[in-house]
Amino acid sequence: MSGYNALWVPGMDHAGIATQVVVEKKLMRERRLTRHDVGREKFVSEVWKWKDEYGGTILRQQRRLGASLDWSREYFTMDERRSSAVTEAFVRLYRDGLIYRDIRLVNWDCVLRTAISDIEANYVDIKERTLLKVPVYENPVEFGVLTSFAYPLEKGLGEIVVATTRVETMLGDTAIAIHPDDKRYTHLHGKYAIHPFNGRRLPIVCDAILVDPSFGTGAVKITPAHDPNDFEVGKRHSLEFINIFTDDGKINSNGGSDFVGMPRFKARQAITEALQQKGLYRGSKNNEMRLGVCSRSNDVVEPLIKPQWYVDCNVMAKQALDVAMDAENRKLEIIPKQYAADWKRWLENIRDWCISRQLWWGHRIPAWYVTLEDDELKELGAYNDHWIVAKDESEAHKEASKKYAGRKFDLCQDPDVLDTWFSSGLLPLSVLGWPDDTEDLKAFYPTFVLETGHDILFFWVARMVMLGIKLGGDVPFRKVYLHPMIRDAHGRKMSKSLGNVIDPLEVINGVSLEGLHKRLEGGNLDPNELAVAKAGQDKDFPNGIAECGADALRFALVSYTAQSDKINLDIQRVVGYRQWCNKLWNAVRFAMSKLGDDYVPPVEVHPETMPFSCKWIISVMNKAISKTVSSLDSYEFSDAATTVYSWWQYQFCDVFIEAIKPYFAGEDPTFSSERNSSREALWLCLETGLRLLHPFMPFVTEELWQRLPSSQGNQRKESIMICDYPSYVECWTNDRVELEMDLVESTVKSLRSLRSGVLTKHKNERVPAYAYCQNEEVADIIKSHQLEIVTLATLSSLEVLLSERDVAPAGCALENVNENLKVYLKVQGNLNAEAERERIKNKMEEIQKQQEKLKKTMNVSGYEQKVPLHIQEDNAAKLATLIQEFEFLLRENSRLDAESMDNN
């Protein structure tokens, strides 16, 4: 609508770990089978079936929400083109020395049997001993406990006491660390402790980086293969790295014959008992801790040492940081700007990116392991220099034949798949046809704006920027707009197990409580979770969700964007906007009825020749256009929505339509010219206002716009969505008219306030009113707009009085509009003088409070020296106005007293 060659590409990523979890649960629930029971090929086939059946949900939601996507370009990260781009990227980065294989600690999920990323790990704060349910364990597991035990020292030197929250990891201890300056342990420098279960000698190492001598005993057990801090100690002191866990979280042969095969948390209990039997147990106490839990499986994350593929991010991260933070040559703008600090913090502290996952659903890593006939070790990955990275097996075979010329070998592709974020990180390139040099790539790369959630600023956005600069030669987009995260009405994160997930289609179409329950029953919740989720729905949606339509949902979400970094979505607010859609529909239909069936709009509209109210509505519409466009340009979407809503609701519907009704009452020939002008203004406002509202509410605006008559000589566009978006027209603005209408509206507001306050029995009755003006200028404005005031305030008449020559009318209720204008409303029968005096008294008390507060501010020591002159002048003017208003009310009170005495 703004004339740009715009492209918005639809598509989805394959959500590797999330999708695999869903399908694994489905297999277990329906057929009591694991993925290992069915095998890799059949399992992947099951995932594709699930994707074909359910994977289009997001795209269907986008269609129903009215997203203007180019559906002919729909992508899926596992489709052939995107898969080809993934392989190309991996191979290029490997050949540039940026992808390598190494053995390091990863976050390991023992249920899924894969490494997981930081974003897939939630952290639970535990204050004290706490029992938590952990998958595959029948009984809850205790956390928040610090267990102390002693290691015997070699050569009878006594013992050294250490403490841990994970006592089972002591089976993999390979050292004990102390602070080099800790005098308690000076005699142990260079000595050894003995492992009580396997006799392993544990060197006592001095490490000032890790050990705090004031914490605990000042001695720390070191398990390099199962703790991030210990891993670094292990590297610093060349310690042995001993993994004691199998992939499914059981103790392996390295843990010793007494514990082998035990699940890790059962081993925790068994080891504690064994320490007690050996007399080495020294007690336990409450311990505050953070526990990592996988968001997909709810398993407790286990740090595990594993060979994985990594991306070296140092140089790419520096480039991604510079394009956003270099003020003189900024290529990337992050909106809202406060997230630039997160961008800086993350990229300055970046670690190399683990991109391999031990899953079956995803892009298979394009690396083949070469097993030579004369290799002593035959297991996959035994020799780290035997890997060949290639685009396919044929190319890998050629590379291996060159590298190992004349030797016999077997090739086996790495069974792991790539992290989903790797393929997602390539999307700005791959959706435009990269690595081919396509026309789309030339036309649209770099793209202009990315819109996403702030929670994946690092996991997705930063990686797109790093890969875009490296592989595409430029940033992938110029701006990043980060939307707030949608929560439920109570501010809770949406979760299937809480039953508070809201499907946009259910808001658009409406759904009964039974329908909400049915959706839950079709999911993967266990019986206990299902009961909790249903109870949550019963509480939040006892009557289901009302049908709101897409327009109301869109407008509500856009309006919410001013609400910090979270949207607490209350469905009742969406219902409110649905009701407003109905009001908009009725207002437009009413306005169109005034145009008539044979109305033909003019080619040009000239506001300067129109009546006052028409000039005004066009002028304020022009300002609404300017404000909306500037708000959209600056990504202030809530401000833009509020501006459009306010113009339609409070200016067009509440004022303009009401103000022009007298022109159409009975087809009075006196108003013939006004009627014609009003029709022109009505048509202009409807046609322009609908285009202004269209991006927010596409469906109702399209329907109403199609019903509007076309102007003379103009070829009607096929749809409102390909019309020009409104732009500011300088000659439409009329500041003088707007200023006068401000006074008219203030006058009407005061009269309506009087009406609701004093006309208790006859609120809808037309009664006379008086405008008591303090000067000729105000009197002239009120006189020239008597018709508008009488119409909008529902009066029978309005008489304009001037304070210099007229006395205030008797038997009337008073309201102060401003220092230059008071209005009086004639009350049928006798005015309740007592009630009116009470009203005036309350207003005088309020004015006195304001005066005292202002005087207090102005009498502060140093006021004249410290406060800017223009503020002093404003305060002096405010005080003068308050004094004037107080004196006027004092006179009015005296007049009422005199009237009461005369009546008596």
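For the residue pair Gln20/Glu24, the side-chain donor-acceptor check at 3.5 Å is satisfied. A donor-acceptor contact closer than 3.5 angstrom links the side chains of Asn286 and Arg129. Side chains of Asp109 and Thr114: a donor-acceptor N/O pair is absent below 3.5 angstrom, by distance only. Glu120 and Ser117 share a donor-acceptor pair across their side chains, judged by distance under 3.5 Å alone. Side-chain atoms of Arg357 and Thr420 form no donor-acceptor pair, as typed in the model, at a separation below 3.5 Å.
Qualifying side-chain hydrogen bond (donor to acceptor under 3.5 Å, both in side chains) partners for Glu159, counting only residues two or more places apart in sequence or in other chains: Arg282. A search for side chain to side chain contact (heavy atoms under 4.5 Å, CB included) contacts involving Val22 returns Trp50, Asn524, not counting sequence neighbours. Considering only residues two or more places apart in sequence or on other chains, Arg200 meets the side-chain hydrogen bond (donor to acceptor under 3.5 Å, both in side chains) condition with none of them. In this view, Glu348 and Lys344 satisfy the side-chain hydrogen bond (donor to acceptor under 3.5 Å, both in side chains) rule, not counting sequence neighbours. Judged as a side-chain hydrogen bond (donor to acceptor under 3.5 Å, both in side chains), and not counting sequence neighbours, Glu138 has no contacts.
Judged by the 6.0 Å distance and 45° axis criteria, Arg104 is not positioned over the aromatic ring of Phe231.
Within a 6.0 Å radius of CD in Glu379, more than 12 heavy atoms belonging to other residues, nucleotides or ligands are found. Summarising the local packing, NZ of Lys127 is surrounded by 12 or fewer heavy atoms from other residues, nucleotides or ligands at distances under 6.0 Å. Counting non-hydrogen atoms of neighbouring residues, nucleotides and ligands closer than 6.0 angstrom, the NZ atom of Lys266 reaches no more than 12 such neighbours. Annotation: Arg351, atom CZ; neighbour count of heavy atoms from other residues, nucleotides and ligands within 6.0 Å does not exceed 12. The environment of Glu529 atom CD is dense: over 12 non-hydrogen atoms of other residues, nucleotides or ligands sit within 6.0 angstrom.
The CH2 atom of Trp353 lies 14.0 Å from the CD atom of Gln308; values are rounded to the nearest 0.5 Å. In this structure, CG in Asn254 is found 6.5 Å from CD1 in Ile242, a value given to the nearest 0.5 Å. Between the CG atom of Leu112 and the CG atom of Leu359 there is a distance of 7.5 Å, given to the nearest 0.5 Å. Taking NZ from Lys221 and CE from Met170, the interatomic distance works out to 7.5 Å, rounded to the nearest 0.5 Å.
Of the charged side-chain nitrogens involved, at least one lies within less than 4.0 Å of a carboxylate oxygen, so that Asp247 and Lys306 count as a salt-bridged pair. One finds a salt bridge joining Glu46 and Arg31 here, because a Lys/Arg side-chain nitrogen approaches an Asp/Glu carboxylate oxygen to under 4.0 Å. Between Arg236 and Asp207, at least one side-chain nitrogen of the basic residue sits less than 4.0 Å from a carboxylate oxygen of the acidic one, meeting the salt-bridge criterion. Ionic pairing of Glu521 and Lys534 is present here: one or more N-O contacts between side-chain nitrogen and carboxylate oxygen are shorter than 4.0 angstrom. The existence of a salt bridge linking Arg264 and Glu302 is confirmed by a sub-4.0 Å separation between a basic side-chain nitrogen and an acidic carboxylate oxygen.
In terms of modelled atom types and a separation under 3.5 Å, the side chain of Tyr560 and the main chain of Asn568 share a donor-acceptor contact. Using a distance-only test at 3.5 Å, with no hydrogens or angles considered, no donor-acceptor pair links the side chain of Arg40 to the main chain of Arg35. Here the side chain of Asp173 pairs no donor or acceptor atom with the backbone of Ala175 at under 3.5 angstrom. Under the 3.5 Å distance criterion, the side-chain polar atoms of Asn500 are matched with a main-chain donor or acceptor of Lys493.
Ring geometry, Tyr94 versus Trp309: the interplanar angle exceeds 60°, so the pair is classed perpendicular (tilted spans 30 to 60°). Ring geometry for Phe245 against His226 counts as perpendicular: the plane angle is over 60°, on a 0 to 90° scale with 30° as the lower cut.
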Problem - Pair Asp385-Arg101, salt bridge (charged side-chain N to carboxylate O under 4.0 Å, His left out): steps then yes or no - result: CA-CA 9 Å; Asp385 61 349; Arg101 189 172 171 86; over 6 Å; no
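Note: Tyr151 and Tyr192 fail the aromatic proximity criterion, with ring centroids not under 6.0 Å apart. Centroid-to-centroid, the aromatic rings of His454 and His483 stay 6.0 Å apart or farther. For Phe259 and Phe197, the ring centers sit closer than 6.0 Å to each other.
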Kindly list each side-chain donor-acceptor pair under 3.5 angstrom involving residues 455-463, sequence neighbours excluded, with atom names and distances?
unit_1: Trp460; atom_1: NE1; unit_2: Ser424; atom_2: O; d: 2.9
unit_1: Arg463; atom_1: NH1; unit_2: Phe459; atom_2: O; d: 3.3

